[in-house]
Engineer: 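Quick one: the structure is below, questions incoming.
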Amino acid sequence: MASLRCTILPPLLAAGTLLASTLLAGNALSDERDDWPERVHLGTASLGGTYQVVGDGLVTHISDTLDVLALSQATGGPYHNMTLVHTGEAELGLVTLGPARELWDGEGVAAPGEEMRNVRALFPMYQTPFHVVTMADSGIESIDDLSGKRVGVGPMGGTCAAYWPQFLDALGVEDVHLQYAGANHLADYLPSRLSDAFAFCAGLPIRAFQRLERNHDVHMFGLTEDEQATLMEAFPVASFEIPADTYASMDAPHASVAFWNFAIGHKDLPESFVYELMKLVLDDNETMEAIHPAMAEARAEHLDKNDVLWFHPGAVRYYEEQGLEVPTAMLPPEMRPEEEAADVAADDANDETMPTDTTD
């Protein structure tokens with residue numbers, strides 16, 4: 001009997017140890033989730049744009065995998081999303097870094113002088129190039145031909161609506177009649193002859209462009225090399241080439257310019273929640289590409305494309321575990337060396353007490 005007890009006790013002890021370890025791990029995970037939100041809202045953009053497709057896919061994946069109810073919210077785009085996350089009306093959002101920089105620095109038209117510093121960068125998504133679609137029989141072949149025409153540029157508050165007018169002005173295109181609406185609406189305006197061209201920007205391929213070319217003969221074009229160079233000199237954009245196989249209507253690559261897109265979150269989101277969200281997105285590129293092909297660019301090494309927003313501590317934890325270094329300037333104040341954090345806090349306090357010039 002003694003030998004029998006000696007033979008049986010070690011497995012029992014091992015099983016007990018395993019059970020205790022499992023319970024402790026479960027309790028630790030439960031403890032980490034104690035401060036997680038029950039639900040989160042994700043600001044996207046207009047229907048027919050890439051943000052809407054990506055956002056809908058992300059909230060489904062978050063709800064199914066992290067067991068947090070996630071809801072997508074149609075918005076005016078990056079400017080709106082920055083504002084919603086800054087004020088806490090949405091926990092998550094999608095932005096292009098051009099508009100994000102304006103609002104981070106307090107240069108937004110709607111709220112001049114208000115630096116939206118409650119926002120934190122999470123993960124890189126993809127690049128947003130600018131290009132144009134017209135009806136094939138419109139006679140519009142290039143950017144120069146847009147002078148005097150009715151041109152849709154996306155919804156008010158979106159990246160496209162903010163930058164296409166500036167781009168056209170910089171390129172000397174005059175007397176353009178701008179139209180503002182969602183991507184699907186502006187695509188429908190072309191065959192109805194309510195618009196002459198639709199100049200947009202989004203991750204490729206743009207679903208509204210695809211839908212339009214399935215039912216109609218269309219012409220798509222980008223920039224000339226000179227136009228590309230002009231915009232790169234005047235704006236914080238990078239060169240981009242739209243591949244020839246992006247749309248059936250294209251027979252050659254198009255030169256363009258692009259902004260990088262990042263997901264953002266409110267600074268008070270729990271670190272453990274953001275860390276798990278980072279893993280959910282960046283550890284599973286196959287699922288991200290299934291949501292939208294543009295998300296093939298959603299990779300951790302592209303963190304260096306963000307030189308605008310401080311990263312969330314949960315994002316910093318993830319990047320560091322991947323062996324990637326987050327530049328000190330992109331760390332939130334609480335994660336910086338003590339002296340530098342004090343300098344940042346002092347600068348923010350000075351900004352808050354400085355009078356704001358609201359004159360034109």
Side-chain angles (χ1 to χ4, degrees), residues 24-45 51-96 99-100 103-104 114-125 157 261-284 287-288 291-292 295 298 300 303 306 308-322 326 330-335:
L24 286 172
N27 288 338
L29 181 60
S30 176
D31 289 344
E32 274 208 331
R33 295 180 63 110
D34 282 347
D35 60 349
W36 281 26
E38 293 183 1
R39 67 174 62 192
V40 292
H41 294 84
L42 171 68
T44 60
Y51 272 13
Q52 177 255 322
V53 178
V54 170
D56 286 352
L58 284 176
V59 296
T60 299
H61 202 35
I62 292 169
S63 297
D64 291 345
T65 309
L66 298 185
D67 197 27
V68 172
L69 178 60
L71 304 168
S72 64
Q73 181 176 343
T75 69
Y79 290 96
H80 194 184
N81 295 339
M82 277 285 289
T83 304
L84 290 173
V85 173
H86 173 70
T87 59
E89 295 177 65
E91 292 78 14
L92 301 167
L94 311 178
V95 300
T96 42
L103 297 179
W104 182 261
E114 182 176 356
E115 297 179 342
M116 298 194 177
R117 300 294 173 94
N118 291 335
V119 178
R120 296 291 181 266
L122 304 182
F123 52 84
M125 298 196 300
N261 296 271
F262 269 72
I264 57 173
H266 192 274
K267 68 180 183 65
D268 291 337
L269 279 172
E271 178 182 332
S272 61
F273 171 75
V274 170
Y275 172 76
E276 293 298 333
L277 176 59
M278 298 290 291
K279 289 175 59 178
L280 183 72
V281 173
L282 298 181
D283 286 358
D284 190 358
T287 297
M288 291 303 105
I291 290 175
H292 194 285
M295 289 293 284
L303 75 93
N306 167 41
V308 177
L309 311 170
W310 299 328
F311 282 102
H312 191 283
V316 175
R317 173 184 164 193
Y318 175 84
Y319 290 128
E320 290 181 344
E321 287 188 3
Q322 303 304 307
V326 176
M330 293 298 103
L331 292 173
E334 66 269 23
M335 298 187 74

Engineer: At what distance, to the nearest 0.5 angstrom, does CD of E276 lie from OH of Y318?
Structural biologist: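 Interatomic distance, E276 CD to Y318 OH, rounded to 0.5 Å: 11.0 Å.
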Engineer: If the condition is side chain to side chain contact (heavy atoms under 4.5 Å, CB included), which residues does T287 pass it with, not counting sequence neighbours?
Structural biologist: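 Residues passing side chain to side chain contact (heavy atoms under 4.5 Å, CB included) with T287: H61, D284.
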Engineer: In the structure I gave you, are the side-chain heavy atoms of H86 and E114 within less than 4.5 Å of one another anywhere?
Structural biologist: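 With C-beta onward as the side chain, the pair touches.
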Engineer: Where do R120 and P333 come nearest, in terms of heavy atoms and distance?
Structural biologist: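 Looking at all heavy atoms of both residues, the closest pair is NH2-CD, 4.3 Å.
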Engineer: Search all heavy atoms of M288 against all heavy atoms of L280 and return the closest pair with its distance.
Structural biologist: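 Closest approach of M288 to L280, heavy atoms only: CE-O, 4.3 Å.
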Engineer: Does D268 have any side chain to side chain contact (heavy atoms under 4.5 Å, CB included) partners at least two apart in sequence or in another chain, and if so, which?
Structural biologist: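 Side chain to side chain contact (heavy atoms under 4.5 Å, CB included) check on D268 returns H266.
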Engineer: Indicate yes or no: at least one non-hydrogen side-chain atom of L92 is less than 4.5 angstrom from one of L58.
Structural biologist: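 No, too far: nothing below the 4.5 Å cut-off.
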Engineer: State, with a plain yes or no, whether a side-chain heavy atom of P99 is found less than 4.5 Å away from one of M82.
Structural biologist: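 They are not in side-chain contact.
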Engineer: Sub-3.5 Å donor-acceptor pair from the side chain of R117 to the main-chain atoms of W104, do we have one?
Structural biologist: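 Flag set: sc R117 to bb W104 pair under 3.5 Å.
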Engineer: For F273, give me all partners under ring pair (Phe, Tyr, Trp, His ring centres under 6.0 Å), at least two apart in sequence or on another chain.
Structural biologist: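 Applying ring pair (Phe, Tyr, Trp, His ring centres under 6.0 Å) to F273 gives W36.
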Engineer: Give me the atom names and distance for the closest heavy-atom approach of G314 to M278.
Structural biologist: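 Heavy atoms only, the tightest pair is O-CG, 4.3 Å.
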Engineer: What heavy-atom pair brings N306 and L309 nearest, and what distance separates the two atoms?
Structural biologist: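 So the two residues come closest at ND2-O, 2.8 Å.
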Engineer: What's the shortest heavy-atom distance between V95 and Y51, and which atoms?
Structural biologist: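 It is C-OH, 2.8 Å.
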Engineer: Do the side chain of S72 and the main chain of L42 share a donor and acceptor less than 3.5 angstrom apart?
Structural biologist: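 A pair under 3.5 Å: no.
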Engineer: How many angstroms lie between atom CD of Q322 and atom CG of D283, to the nearest 0.5 angstrom?
Structural biologist: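 Those atoms lie 6.0 Å apart.
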Engineer: Does any non-hydrogen side-chain atom of D67 lie less than 4.5 Å from one of R33?
Structural biologist: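 Of all side-chain heavy-atom pairs linking D67 with R33, at least one is under 4.5 Å.
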Engineer: Would you compute the distance between atom CE of M125 and atom OG1 of T96 and round it to the nearest 0.5 angstrom?
Structural biologist: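 One finds 9.0 Å between CE of M125 and OG1 of T96.
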Engineer: Are M116 and T83 close enough, and set up right, to give a side chain to side chain contact (heavy atoms under 4.5 Å, CB included), and what steps lead you there?
Structural biologist: CA-CA 7 Å; M116 298 194 177; T83 304; 3.4 Å; yes
Engineer: If the condition is ring pair (Phe, Tyr, Trp, His ring centres under 6.0 Å), which residues does F311 pass it with, not counting sequence neighbours?
Structural biologist: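 Checked F311 against ring pair (Phe, Tyr, Trp, His ring centres under 6.0 Å); matches are Y319.
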Engineer: Going by side-chain hydrogen bond (donor to acceptor under 3.5 Å, both in side chains), name the residues that satisfy it together with T44, two or more places apart in sequence or in a different chain.
Structural biologist: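 So T44 forms no side-chain hydrogen bond (donor to acceptor under 3.5 Å, both in side chains) with any residue.
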Engineer: What's the shortest heavy-atom distance between L71 and V59, and which atoms?
Structural biologist: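 Closest approach of L71 to V59, heavy atoms only: C-CG1, 3.7 Å.
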Engineer: Measure from the side-chain N and O atoms of H312 to the backbone N and O of V274, and report whether any donor-acceptor pair falls under 3.5 Å.
Structural biologist: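 No.
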Engineer: Just verifying a value: how many Å separate Q73 CD and E91 CD, rounded to the nearest 0.5 Å?
Structural biologist: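 CD of E91 is found 9.5 Å from CD of Q73.
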Engineer: Excluding sequence neighbours, so at least two apart, what forms side chain to side chain contact (heavy atoms under 4.5 Å, CB included) with E89?
Structural biologist: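 Here the qualifying residues are L84, T87.
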Engineer: Rounded to the nearest 0.5 Å, what separation is found between the CE atom of M330 and the CH2 atom of W310?
Structural biologist: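 Reported value, rounded in 0.5 Å steps: 9.0 Å.
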Engineer: Would you say the side-chain atoms of Q52 pair up with the backbone N or O of A45, donor to acceptor, closer than 3.5 Å?
Structural biologist: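 Flag not set: sc Q52 to bb A45 has no pair under 3.5 Å.
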Engineer: To the nearest 0.5 Å, what is the distance between CG on L94 and CD1 on I264?
Structural biologist: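 The CD1 atom of I264 is 7.5 Å from CG of L94, to the nearest 0.5 Å.
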